Amino acid sequence: MKNTITDLLKHLTEAREVVIFSGAGLSADSGIPTFRDGATGLWANIDPEEVASIEGFENNPDKVWAWHEAMRALFAEVQPNAGHEGIASLESLLPNARVTIITQNIDGLHQASGSTRVFEIHGSALRVRCHHHCGFIELWQAGQLAPRQCPSCGARARPDVVWFGEALDEEVFAHAAEAAIDADIFITVGTSAIIQPAASLPMAAKEYGAMIVEVNPHATPFSEHADYSIRSGASEFFPALCAVLLNGIGKLDR
Ligand code: NAD
């Protein structure tokens, strides 16, 4: 990893726009199972179409709410890991750059670790909103029952997450796309980058000239498009990168 970080160092310190594109693998070390890796916990014996799709919500809203309540409870128990913390530290370690996080995660851990510019393109399980988009949206406090009805218009309320088959929030996605296009360095972490339209963002960044770095312990279909494909867990890689930015490459022992 030392050689790769040495190479990255020069590019990072010269970059003006740095984008981190995160997926479920980033939160794995916090104890949140990823969709694909985890036949345990939240995803055990679960058909995602039943608990995380609009059809599932129409057919059995109680089941959808129960599953999201379990997820909300899990998210209340976990903490950001060293990967999230390292990413948050980049804001101060790269004073000449703007650091933008584009996340597919819905767990709020980027903000909990201190990152300030975060676009949650798949929404957040820490919020509820009006199903009919009347404008009602509020934080879903841990331990509290979320409203089943929108207090503003009486339509159904729902978790503020993007379910399978739903469109992404246009404004949030437009900001994310703009950041991808402007990126000098675009780092994907903990994602197989196959879920569309999210997966179009690293490709757009590449097309517009960004250097692309992938951080993932396993190869993905996206690996061949990356300039650097780093086979490492996020909670090892980002602290190592931050240590080098802080202390210089000589302090990195491998
Ligand atoms: P994914 O397709 O992004 O796959 C997870 C990836 O993370 C895999 O490529 C895996 O090799 C990699 N990975 C595993 N451990 C890692 C680590 N320690 N460091 C770096 N990478 C690691 O994600 P998915 O699980 O298939 O999820 C699909 C959708 O569901 C996405 O929208 C995702 O964000 C969402 N989801 C979110 C959460 C969350 O908010 N924490 C959890 C599960 C799923």
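Order of listing sets the numbers, starting from 1, for every ligand and every atom in it. Values below: every heavy atom of this structure, side chains too, minus hydrogens, waters and symmetry copies. Because the structure is predicted, anything quoted here is derived from the model rather than measured.
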**Q.** Which of the ligand 1 atoms, numbered from 1, are nearer than 4.0 Å to a heavy atom of His218
**A.** 11 (O)
Q) Salt-bridged, Arg72 to Glu77, with N to O below 4.0 Å? A) no
Q: Check each of Ser192, Gly190, Pro33 against atom 2 (O) of ligand 1 and report the one with the nearest heavy atom.
A: Ser192
Q) Backbone or side chain, does any N or O of Gly233 fall under 3.5 Å from an N or O of ligand 1? A) no
Q) ligand 1 versus Gln104, non-hydrogen atoms closer than 4.0 Å: side chain, backbone, both, neither? A) both
Q.
Nearest 0.5 Å, please: how far is CD1 in Ile101 from CD in Glu91?
A. 6.5 Å
Q: Specify side chain, backbone, both or neither for Ala234, according to which of its non-hydrogen atoms lie closer than 4.0 Å to ligand 1.
A: both
**Q.** Pi-cation contact, Trp163 with Arg158 (under 6.0 Å, within 45°)
**A.** yes
(Q) Quick check: closest heavy atoms across Ala180 and Leu201, and the distance to 0.1 Å? (A) CB-O, 3.7 Å
Q. Of the non-hydrogen atoms in Ala146 and Val128, which two are nearest, and what is the gap between them?
A. CB-CG1, 3.6 Å
(Q) Between Glu69 (side chain only) and Ala73 (backbone N and O only), is there a donor and an acceptor less than 3.5 Å apart? (A) no
Q: Anything under 30° is parallel, anything over 60° is perpendicular, the rest tilted; go ahead and classify His175 against Phe119.
A: parallel
Q | Proximity of Asp107 to ligand 1 by residue part, where a heavy atom lies under 4.0 Å | A | both
Q.
Under 4.0 Å, heavy-atom basis, I'd like to know which part of Ile195 is in contact with ligand 1: side chain, backbone, both or neither.
A. side chain
Q: Ignoring hydrogens, just give me the one of Thr220, Leu109, Asn216 whose non-hydrogen atom is nearest atom 8 (C) of ligand 1.
A: Asn216
Q: Give the single entry among Ala193, Gly23, Ala24 that approaches atom 36 (N) of ligand 1 most closely by any heavy atom.
A: Ala24
Q | His110, His84, Gln104 screened by side-chain hydrogen bond (donor to acceptor under 3.5 Å, both in side chains) with Ser22, the one that passes | A | His110
Q. Looking only at non-hydrogen atoms, which of Ile106, Ile230, Thr191 approaches atom 40 (O) of ligand 1 most closely?
A. Ile106
(Q) If the cut-off is 4.0 Å to any non-hydrogen atom of Ser27, which atoms of ligand 1 fall inside it? (A) 41 (N)
